[in-house]
Structures are given as C-alpha cells and as structure tokens.
K.L.:
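Here it is: the structure, laid out below.
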Amino acid sequence: MDNGFFKNVEKKTGVNMKDIFDLANSLQNANFKDEKTVRNVIRRVSEIANKPVNQETEDKIVQSIVNDGKQLDFNTISKMINKK
C-alpha cells in the first residue's frame, strides 16, 4: 500500500501507523495463554488508541482470552473496550 493511504489513516484516526506495525510485529510470537502478555497487549492497544481501560474491563478481557480461549485481535479488544 502506498504511503498516502497510511497518512490518511493517521490523519483520520490520530493513530500512528508505525505504532500499529510495531505492535503487530510484537504479537507474531506472543503467548496469548500467558496473562502477563495479554495484559501488556491490552495496555499497549489502549495506549495507542488513546482509550483508557479500567481494571475491571482489563480483567474481563484477560479472562476472555486466557481462560475462555477467545481470539486476540484488534477487533475483539476494540469491541470490549468500547462496551464500557
């Protein structure tokens, strides 16, 4: 994709594409059965999206992913964050 596309996304969302790519790269070999890893991912996504996640919501997301085996993807986390 061309650089103009990413600049438009950055302008509309306020999210730096480099941060998204860095996060995506860090997820490639992550262990999503590890609670600490999942919490770090949730906090990083929250930071990138500039959407604070309270402890209760974070705990529910972690439970859902680690214990219930839900898939961890941006869409799942986004939906859970926006439910609060």
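Numbers for residues simply follow the sequence, beginning at 1. This is a predicted model, so every value here is computed, not measured.
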K.L.:
May I have the list of side-chain donor-acceptor pairs in residues 25-32 shorter than 3.5 Å, sequence neighbours left out?
P.N.:
residue: Asn25; atom: ND2; partner: Phe21; partner atom: O; Å: 3.3
residue: Ser26; atom: OG; partner: Leu23; partner atom: O; Å: 2.7
residue: Asn31; atom: OD1; partner: Lys33; partner atom: N; Å: 2.9

K.L.:
Do Glu47 and Arg43 meet the salt-bridge criterion of a basic N to acidic O distance under 4.0 Å?
P.N.:
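Result for this pair is no, no salt bridge flagged.
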K.L.:
Say whether, by atom type as modelled, one donor and one acceptor occur between the side chain of Glu10 and the main chain of Met17 under 3.5 angstrom.
P.N.:
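The answer is yes, because a donor-acceptor pair under 3.5 Å joins these two groups.
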K.L.:
Scan side-chain atoms only and decide if Gln55 and Asp59 contain a donor-acceptor pair under the 3.5 Å cut-off.
P.N.:
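Yes, Asp59 and Gln55 have a side-chain donor paired with an acceptor closer than 3.5 Å.
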K.L.:
Kindly compute the distance separating CD1 (Ile65) from CG (Asp34), expressed to the nearest 0.5 Å.
P.N.:
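Taking CD1 in Ile65 and CG in Asp34, the distance rounds to 12.0 Å.
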K.L.:
Measuring from atom CZ of Arg44 to atom CG of Asp19, what distance do you get when rounded to the nearest 0.5 angstrom?
P.N.:
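Nearest 0.5 Å value for the CZ-CG distance: 5.0 Å.
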K.L.:
Mind running side-chain contact (heavy atoms from CB on, under 4.5 Å) on Asn16 and Ile20 for me, showing each step along the way?
P.N.:
CA-CA 7 Å; Asn16 184 312; Ile20 296 293; over 6 Å; no
K.L.:
Taking all non-hydrogen atoms of both residues into account, name the closest pair between Arg39 and Val62 and its distance.
P.N.:
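Result for this residue pair: CG-CG2, 3.5 Å.
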K.L.:
Report yes if the side chains of Val45 and Lys51 come closer than 4.5 Å at any heavy-atom pair, otherwise no.
P.N.:
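The answer is no; the side chains never approach within 4.5 Å.
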K.L.:
How about Asn54 and Thr57: does a side-chain donor come under 3.5 Å of a side-chain acceptor?
P.N.:
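The criterion, which ignores hydrogens and geometry beyond distance, is satisfied for Thr57 and Asn54.
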K.L.:
Over all heavy atoms of both residues, which pair between Ser46 and Pro52 is shortest? Give the atoms and the distance, please.
P.N.:
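Scanning both residues, the minimum pair turns out to be OG-CA, 3.6 Å.
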K.L.:
Lys18: what forms a salt bridge (Lys or Arg N to Asp or Glu O under 4.0 Å) with it, not counting sequence neighbours?
P.N.:
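Salt bridge (Lys or Arg N to Asp or Glu O under 4.0 Å) check on Lys18 returns Asp22.
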